[in-house]
Amino acid sequence: MTGGEIGTLGIGILLVLLAFRIPVAFSMFLVGFVGIWVLNGWNAAMGLLASETFTLASNPELIVVPVFIPMGNVASFTGMSSALYDAAYALVGRVRGGLAHATVIGCGGFAALSGSSVASALTMGKVSLAQMDRFNYDTRLPTGVVAAGSTLGILIPPSTGFVIYAILTEQSIGRLFLAGVLPGLLLLAMFMLVMAILCWIWPEFGAPGPITTLAEKGRALVGAIPILGVVTATIGGIYGGFFSPPEAAGVGAALVMVYGALTGRMTLAATREAGRDSIITTATVMLILIAAHMINPFLALSHIPTAVGEAMAALNLGVYGTLAVIMVIYLILGCFLEGFAMLVLTLPIFFPVIVALGIDPIWFGVLVVLTLEMGLIPPPVGLNVFVVKSVAPGVPLGRIFQGVLPFWVAMLVTLLLLIVFPQISLFPPDTMFN
Amino acid sequence: MGAIRALADRLIGLSATIGIIGIFAQVAVIVTDVIGRAFGAPLYGSQDIVTMVLVIVVFGGMALCDRKGGHIGVDLLEHWFPDWLNRAIDIAAALLGALIFTMIAIAVWESAKLSQMLNLCTNLMRWPKAWFQWALCGFALMAAAGMILRAVELTFLRRDVRREPGV
């Protein structure tokens with residue numbers, strides 16, 4: 001068998017294993033290890049297993065993974081996330097659909113801090129759904145807002161999606177973080193526009209919230225200062241040159257812990273719970289990353305990425321045509337595969353094609369992570385939708401999917417805008433880093 | 001079997017606790033280093049400490065991750081499969097995971113022997129890398145043992161500990 005045939009067989013086996021619910025990391029380990037064994041011998045496979053495992057488990061860049069995760073967990077335990085929601089509500093709650101607007105801002109802020117869309121959907125769902133139910137919002141809007149709004153964090157830094165992309169493609173985390181700022185704000189604006197249109201056409205979707213006094217507004221804004229302070233300190237510290245992204249993660253985590261300790265909310269039980277959640281997520285993410293570093297050399301040895309690149313070049317689709325094909329593939333895969341797993345499975349194949357075409361890897365990174373998040377809300381496996389369902393058991397799943405549909409369309413429009421106008425992504429990093 | 005499960009859960013809990021302490025230690029070291037650097041006195045060897053502790057953090061949580069069903073799988077077809085097939089898949093996945101973690105432990109153990117022979121150390125603290133490779137092996141073997149136990153429970157008791165509280 002040729003290398004290409006072995007590679008194709010390997011991908012086929014990988015897909016079968018995934019379909020049979022074998023964990024993504026285990027499937028990639030098995031195919032990667034056996035593939036290298038077949039192509040380069042047992043010693044090469046064992047050598048790679050030892051070196052990649054220890055090198056990745058002690059990679060200083062990857063410190064962001066275990067340290068950013070507790071930052072979000074602790075922020076949730078200490079009530080920082082609900083304080084952000086209260087502040088957003090004080091500002092925009094009075095307008096039609098105001099609670100929903102406040103929720104989407106809160107979701108964006110919390111998801112940015114936690115780096116996890118699912119954690120954000122769970123936390124903000126608990127905080128906001130009951131409030132919107134109290135004001136008789138149509139159930140489709142609140143559930144749709146929480147499920148879709150929680151995806152904002154992937155673009156607004158600090159984002160674990162960008163960290164993983166940066167590590168897999170050897171790009172600058174700082175540039176990617178900065179590239180996500182404007183697209184994140186654009187998506188937030190699109191979501192708010194969608195809500196405004198929905199509430200304008202169907203006023204029963206979201207009645208205006210009660211009027212808040214100036215004093216209440218002031219109190220709510222003061223309450224949000226700690227969380228805004230943490231975000232400003234971590235992001236400002238990176239771009240001010242005070243510390244690197246891994247150090248920013250450490251500083252951010254320390255700040256939320258100090259806040260929790262000072263307010264008395266960071267009990268021993270909460271600390272342990274936050275630590276446990278963090279260590280489980282870290283183990284999940286890191287094992288997939290190590291597995292990805294086993295399968296990538298196998299794919300490279302089998303020349304699959306080169307063959308895909310040549311095939312795409314032969315199609316002569318140009319930059320936009322190739323991008324469109326890749327994005328459509330991601331959108332389809334996103335309906336069936338978990339986003340992070342999809343990233344590690346597909347980047348080794350698509351990234352060399354992107355580089356060969358001269359497409360900016362930072363721009364591509366923004367497009368890819370947005371597309372990954374789009375996969376979190378459509379049927380059949382829209383993970384955020386199921387998370388929202390767990391918080392709102394009384395709302396039928398079909399209504400939640402109806403609720404997220406307008407937001408999914410808004411994400412698609414944002415994606416198209418980002419493809420047509422790469423400057424939206426590239427202007428901030430190009431201006432600051434060059 | 002109950003006693004073995006109780007012992008396994010204690011060991012998994014211990015392993016995870018070591019990892020959790022590692023996370024908080026990393027945060028403390030990073031903050032001390034950043035503050036110290038601002039005053040012209042960075043923490044000596046902070047990079048060595050956080051990177052080596054990362055090994056403990058990552059692999060300390062592996063057994064708990066499996067115990068809590070933390071590994072991501074594509075469950076799209078799960079409800080189409082008959083129960084016996086889903087159980088067979090769970091058993092096969094647990095055994096495959098155990099095999100992978102055992103292979104990792106063997107490969108890293110061999111690598112640790114080389115590190116010891118070549119006297120490989122961290123850059124500043126001069127901590128032997130082999131120490132952390134051995135720790136990785138220990139945690140990996142614990143994860144493997146947990147998976148074997150889970151496979152045995154699934155096979156003979158039809159018990160899936162991932163759906164139970166504990167640890």
Side-chain angles (χ1 to χ4, degrees), chain A residues 17-27 29-30 33 45-51 53-54 56-60 62-63 65-67 69-70 237 242-243 246-247 249-251 253-254 257 271-272 274-276 278-284 286-288 290-291 336-338 340-341 380-381, chain B residues 16-17 19-24 26-31 33-34 37-38 47 50-52 54-55 57-66 68 70-78 81 85-86 89-90 92-93 96-97 99-100 103-104 106-112 129 132-133 136 140 167:
Chain A
L17 289 171
L18 291 176
F20 276 92
R21 224 164 32 80
I22 301 293
V24 174
F26 298 177
S27 307
F29 254 117
L30 183 69
F33 185 87
M46 283 298 271
L48 194 72
L49 181 63
S51 65
T53 303
F54 193 74
L56 275 160
S58 58
N59 181 342
L62 288 174
I63 289 163
V65 177
V67 180
I69 293 165
F242 296 108
F243 34 73
E247 288 172 341
V251 170
M257 284 174 199
T271 308
R272 191 173 161 74
R276 258 166 51 112
S278 308
I279 206 161
I280 290 173
T281 313
T282 301
T284 306
M286 292 294 290
L287 192 65
I288 292 186
I290 295 169
F336 305 98
L337 279 175
E338 197 275 332
F340 174 54
V381 292
Chain B
T17 304
I20 293 168
I21 293 169
I23 291 182
F24 291 115
Q26 281 182 319
V27 172
V29 168
I30 289 170
V31 172
D33 184 42
V34 168
R37 204 169 56 213
Q47 177 92 337
V50 290
T51 50
M52 288 302 118
L54 184 61
V55 177
V57 171
V58 170
F59 276 84
M62 286 298 175
L64 182 67
C65 180
D66 181 67
K68 292 286 176 189
H71 294 299
I72 298 169
V74 182
D75 51 6
L76 195 62
L77 303 175
E78 185 179 5
F81 294 152
L85 182 57
N86 275 323
I89 291 169
D90 285 339
L96 176 62
L99 176 69
I100 288 167
M103 295 287 290
I104 287 175
I106 293 168
V108 176
W109 184 268
E110 291 300 319
S111 178
K129 281 195 176 169
F132 298 92
Q133 289 172 310
L136 191 158
V167 189

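- For chain B, the nearby parts of A:T284 are the backbone and the side chain; heavy atoms of each come within less than 4.5 Å.
- In this structure, B:F81 places its CZ atom where more than 12 heavy-atom neighbours from other residues, nucleotides or ligands lie under 6.0 Å away.
- Using a 4.5 Å cut-off between heavy atoms, B:L85 touches chain A through its side chain atoms alone.
- In this structure, A:R272 CZ and A:I279 CD1 are separated by 10.0 Å, a value rounded to the nearest 0.5 Å.
- B:L136 touches chain A through its side chain: at least one heavy atom from C-beta onward sits under 4.5 Å away, while N, CA, C and O do not.
- Proximity to chain B is limited to the side chain of A:F33, based on heavy atoms less than 4.5 angstrom apart.
- The part of B:Q47 that comes within reach of chain A is its side chain, from C-beta onward, which places non-hydrogen atoms under 4.5 angstrom from that chain.
- Heavy atoms closer than 4.5 Å to chain A are found in both the backbone and the side chain of B:I20.
- Of the listed residues B:L54, B:V29, B:I104, the one with more heavy-atom pairs under 4.5 angstrom with chain A than any other is B:L54.
- Proximity to chain B is absent for every atom of A:L17, based on heavy atoms less than 4.5 angstrom apart.
- Scanning all heavy atoms of the two residues, the minimum distance from A:S27 to A:L18 falls at OG-CD2, 3.9 Å.
- For chain B, the nearby parts of A:T271 are the backbone and the side chain; heavy atoms of each come within less than 4.5 Å.
- In this structure, chain A has a heavy atom under 4.5 Å from the side chain of B:V34, while its backbone stays farther away.
- The contact between B:N86 and chain A is made by backbone and side chain atoms together, counting heavy-atom distances below 4.5 Å.
- Residues A:L287 and B:M62 meet the side-chain proximity criterion, which asks for heavy atoms closer than 4.5 Å.
- Considering only heavy-atom pairs separated by less than 4.5 Å from chain A, the leading option among B:E110, B:Q26, B:M52, B:M103 is B:M103.
- Listed options B:G60, B:A93, B:S111, B:A28 were ranked by heavy-atom pairs under 4.5 angstrom with chain A; first place goes to B:A93.
- With rounding to the nearest 0.5 angstrom, the CZ atom of B:F59 is 14.5 Å from the CZ atom of B:F132.
- Between B:R37 and A:F243 the shortest side-chain heavy-atom distance falls below 4.5 Å.
- Counting heavy atoms from C-beta outward, A:P60 and B:T51 have side chains that approach closer than 4.5 Å.
- Most heavy-atom pairs under 4.5 Å with chain B, from the set A:A253, A:A19, A:A274, A:A25: that is A:A19.
- With respect to chain A, the highest number of heavy-atom pairs below 4.5 Å among B:D66, B:I23, B:V108 belongs to B:I23.
- In this structure, the portions of B:I89 lying under 4.5 Å from any heavy atom of chain A include both its backbone and its side chain.
- Counting heavy-atom pairs closer than 4.5 Å to chain B, the top-ranked of the candidates A:G47, A:P66, A:S51, A:A45 is A:P66.
- Of the atoms belonging to B:F24, it is side-chain heavy atoms, and not backbone ones, that fall under 4.5 Å from chain A.
- Put simply, the side chain of B:I30 reaches to within 4.5 Å of the side chain of A:I63, judged on heavy atoms.
- Two residues are said to be in side-chain contact when any heavy atoms from C-beta on lie closer than 4.5 Å; A:V24 and B:H71 fail this criterion.
- Summarising the geometry, atom CD1 belonging to B:I106 is positioned 5.5 Å from atom CE belonging to A:M46; distances are rounded to the nearest 0.5 Å.
- Looking only at side-chain heavy atoms (C-beta outward), A:F29 and A:L49 come within less than 4.5 Å of each other.
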